[in-house]
Amino acid sequence: MNLFSLYTIPTFLSAFLFLLVGLIVLFKSKSKKNGRLFFLMALVTAWWQTSWFILFNTANDALTRIIVRLGYFGIIFIPIVFFNFFVVYLQSLFELKSKKLDLAILIASYSLSLFFVFELFFSNNFINGYYVFPWGYYPKAGPFHIYYLIMLAVLAIRMLFVLLRAFLNTRAVNDTKHNQIKYFLIAQIFYNFACVDFITNYGYNIYPFGFAFILIFLFIIGYSIVSYRLMDIKLVLRSWSVYLTSLVLTLIPAFLFKYLVGIFLPTTSYGTDFVIIILALSIFPYFRDKVYRFANKYFFSSLYDANEVIARFSKNLSSTLESDRINKAIEDALSGALHPKALALFDYDDKTKLFNVKLNSNLKLASNSLEVGKNVLQKVFSASNVVILEDLAAGASKPGTWLKDFRNKLGIEVVVPLLIKDKLVGFLALGAKESGDAYNSEDVQFLSVIGTQLAMSLENSWLYEEARQFNVKLQKEVEKATKDLVQANSELKKLDEAKSEFISIASHQLRTPLTVIKGYVSMMIDGDFGEINLTVDENLHKVYESNERLIRLVEDLLNVSRIESGRLQFNYEPSTLTEVVDSVMEEMQGPANKKKLYLEYKKPETVPSQLLDKDKLRQVIINMIDNAIKYTKTGGVTVKINLSEDKKEVNFCVSDTGMGIRPEDLPNLFKKF
């Protein structure tokens, strides 16, 4: 057995690549269903190529008869799984019609495949032994094999027809989908060319070079994934393409070395193969680094994951307010992702009207500032938040002309504004990429997010610096401000005393006419000026009640002035709480009756005598009961006097069936006014 030879290496390589790409799509595709179908398609292809790799390495008759059948187990399902992936993924992606017809074809194909599998393992009608060729063994087609080829042709023609129709229909509608269909159509045609291997099943001594076509298929699919987002795993395949290319470059000299060793030393042992493997592993990192730099510079625009770079950039910015560390985060993020030849950060100084350099990497500047009109840049950035200078037309306006000079003189390709609330505070300038590629839409979107985050971070940094400087200045102003506050407080006290004095005087002056009004109205109600009719009597009572409320209000104002000036006096005398409440209940019964409310009074038989200011206590009790009656529409008010268990404390309680007091108003009950 010669494990690796010119005849076995192609099958091994194609099996490995298909399995690897299938696994990448399986784990990285956003659609798990589509990822599983693509992996299944890659798996059956890898099954086919792995079986042929084993078949070309065996010399045992019994094992050969098993391998030719096991290998064909994968071949049977290749076109069916391919068509299944086509129906489920491509039909939904390209919004193609005739889904019912394709579903019927798919069901019929799976049914036929079960029949072919039965014939494969339980008869010689599908595979009838094998041929012996100089390069190895190969399955011999049985009488039913032709029906499998017919099924394969139907599936291939159906896919070609639908894809060709979709290709023509999307030509003027959607460039991305049109290109996706184009490359999938080309890839399928090359995959169909692998059918040339079936000639060998009928006795023709032709080495099955179908592997070449399926590898072309794989590379076309890979290109469409990278360039046209076919499976939405563009970055993943970009990165893996570097590793795969590195692996191929490593295997080529390894196999060539083994081939030469086999010519000159035909009796070598497996120890030689082990040495070759160790050497291949040792040179793999060298090829990987070379391919990475080559791809980054000449092939792909950049090998970066925008979401990952942005997340890392945000984390670095959130951990610092220092300008040096912010500059380091900018350089690491943009140089590691886009690899620009030059990078610079400018901020705008309102005093000097200049853009000053805060970060410069390989940008050739005559000085550390640029004399650029802020309004000029503001006009350009009003149309786009990221400006690619190459896109500016030759006959552009003054801003465009200036930016073209900016590009030609300084080698700047992209300008990213730093805007805070639509105010330009600076900008990022990037030179051309090392790869030589133009900045694409993905790069623009990435730079837009970076610019927004950087603007906020720089604003925080500037505010932090201003706050630090302000604290130094604040220390010097504290003493002066404290003296001013003491003086202002003294003046406020004088004003407050004057206000209290005014309230006191005004209240005294108001009490005199109110007392006179009360006396005359009372005399009129009592009939001292002659009889009055019922209507006049009712209105006089209303005047009397309003005058009483006004007198109480004036008394409240007087109490406020007395409290604030410290002149409020309490007149304590021995009395009981029941004595005060009894007099109030008689007065409050009238208002309760008018509203048709019950006024219930509960008190103990005896209440201990205490020193009370009856007038002020009476005022509090009146306010509580009057408020309860005022905000109760139905039901009534209950007044209670309770004694504590030790009979040393007297509790007064008013409850009603009214609207109650809102919780948010409770804290304000005992505040002034």
Side-chain angles (χ1 to χ4, degrees), residues 510-511 514-515 517-527 531-560 575-610 612-644 647 649-673:
L510 286 171
R511 288 183 69 184
L514 289 173
T515 303
I517 293 171
K518 178 181 179 180
Y520 278 106
V521 173
S522 178
M523 293 169 64
M524 293 173 67
I525 292 173
D526 293 340
E531 292 188 10
I532 55 178
N533 58 41
L534 182 61
T535 303
V536 174
D537 182 68
E538 290 178 354
N539 290 322
L540 285 174
H541 274 86
K542 292 179 180 178
V543 173
Y544 184 84
E545 291 173 359
S546 298
N547 191 75
E548 282 292 298
R549 285 196 295 271
L550 193 54
I551 290 174
R552 288 197 296 271
L553 178 60
V554 171
E555 187 64 31
D556 287 342
L557 288 172
L558 277 171
N559 285 333
V560 168
S575 183
T576 62
L577 183 61
T578 54
E579 182 182 342
V580 179
V581 177
D582 289 347
S583 64
V584 173
M585 291 299 292
E586 294 176 2
E587 186 177 336
M588 293 290 102
Q589 192 64 53
N593 292 338
K594 284 184 179 181
K595 294 189 70 174
K596 297 181 181 180
L597 302 174
Y598 67 79
L599 183 60
E600 187 178 5
Y601 180 31
K602 298 179 180 180
K603 61 181 179 178
E605 294 182 359
T606 59
V607 175
S609 177
Q610 296 171 296
L612 307 173
D613 186 328
K614 292 197 293 184
D615 291 338
K616 294 179 178 60
L617 192 60
R618 175 184 172 83
Q619 185 179 358
V620 172
I621 292 171
I622 287 175
N623 287 342
M624 294 178 68
I625 299 176
D626 182 62
N627 190 76
I629 294 172
K630 183 177 180 180
Y631 292 102
T632 301
K633 293 183 179 180
T634 61
V637 179
T638 301
V639 179
K640 293 181 182 180
I641 298 177
N642 299 320
L643 288 175
S644 62
K647 297 186 179 181
E649 186 177 293
V650 183
N651 297 323
F652 174 74
C653 176
V654 178
S655 61
D656 60 66
T657 60
M659 62 187 292
I661 301 174
R662 294 181 298 181
E664 57 266 29
D665 291 334
L666 289 174
N668 301 319
L669 286 182
F670 297 100
K671 292 184 178 179
K672 186 169 62 175
F673 303 120

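Side-chain atoms are counted along with the backbone in the values below, which use heavy atoms only and exclude waters and symmetry mates. This one's a predicted model, so the numbers in the text were calculated from it and none came from an experiment.
Counting only heavy atoms from C-beta outward, the side chains of Ser575 and Leu617 never approach each other to under 4.5 Å. Side-chain contact between Ile551 and Lys518 is present, with heavy atoms from C-beta onward closer than 4.5 Å.
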Assess whether side-chain contact (heavy atoms from CB on, under 4.5 Å) is satisfied between Met585 and Val639, documenting all intermediate values.
-> CA-CA 9 Å; Met585 291 299 292; Val639 179; 3.9 Å; yes

Could you walk me through whether Tyr598 and Val637 pass the side-chain contact (heavy atoms from CB on, under 4.5 Å) check?
-> CA-CA 6 Å; Tyr598 67 79; Val637 179; 5.8 Å; no

Could you please spell out the steps behind the side-chain contact (heavy atoms from CB on, under 4.5 Å) verdict for Val650 and Val607?
-> CA-CA 8 Å; Val650 183; Val607 175; 4.1 Å; yes

Carefully, step by step, assess Leu550 and Ser546 under the rule side-chain contact (heavy atoms from CB on, under 4.5 Å).
-> CA-CA 6 Å; Leu550 193 54; Ser546 298; over 6 Å; no

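Of the inter-residue distances, the one linking Lys640 atom NZ with Asn651 atom CG reads 11.5 Å to the nearest 0.5 angstrom. Taken from CD in Gln589 to CG in Leu599, the straight-line distance is 5.0 Å, to the nearest 0.5 Å. With rounding to the nearest 0.5 angstrom, the CG atom of Leu643 is 10.0 Å from the CD atom of Glu649. Distance CG/Leu597 to OG1/Thr632: 6.5 Å, rounded to 0.5 Å.
For Lys633, the salt bridge (Lys or Arg N to Asp or Glu O under 4.0 Å) test picks out no residue, with sequence neighbours left out. For the salt bridge (Lys or Arg N to Asp or Glu O under 4.0 Å) test, residues two or more places apart in sequence or in another chain that qualify with Lys616 are Asp613. By the salt bridge (Lys or Arg N to Asp or Glu O under 4.0 Å) test, Lys542 pairs with no residue at all, sequence neighbours left out.
Between the side chain of Asn533 and the backbone N or O of Val536, at least one donor-acceptor pair lies under 3.5 Å. Between the side chain of Asn547 and the backbone N or O of Leu514, at least one donor-acceptor pair lies under 3.5 Å.
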Sequence neighbours excluded and cut-off under 3.5 Å, please list the side-chain donor-acceptor pairs for residues 654-664, or say none.
residue: Asp656; atom: OD1; partner: Gly658; partner atom: N; Å: 2.8
residue: Thr657; atom: OG1; partner: Thr634; partner atom: O; Å: 2.6
residue: Thr657; atom: OG1; partner: Gly636; partner atom: N; Å: 3.2
residue: Arg662; atom: NE; partner: Asp665; partner atom: OD2; Å: 3.1
residue: Arg662; atom: NH2; partner: Asp665; partner atom: OD2; Å: 3.1

Report, one line per pair, each donor and acceptor closer than 3.5 Å where one atom sits in a side chain of residues 619-629; sequence neighbours left out.
residue: Gln619; atom: NE2; partner: Asp556; partner atom: OD1; Å: 2.3
residue: Asn623; atom: ND2; partner: Gln619; partner atom: O; Å: 3.2

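Scanning both residues, Thr578 and Tyr601, for their nearest heavy atoms gives O-OH, 3.8 Å.
Surrounding NZ of Lys595 are more than 12 heavy atoms belonging to other residues, nucleotides or ligands, all under 6.0 Å away.
Judged as a salt bridge (Lys or Arg N to Asp or Glu O under 4.0 Å), the pairs with a partner in residues 576-587 (not counting sequence neighbours) are, in order, Glu579-Lys614, Asp582-Lys603, Glu587-Arg618.
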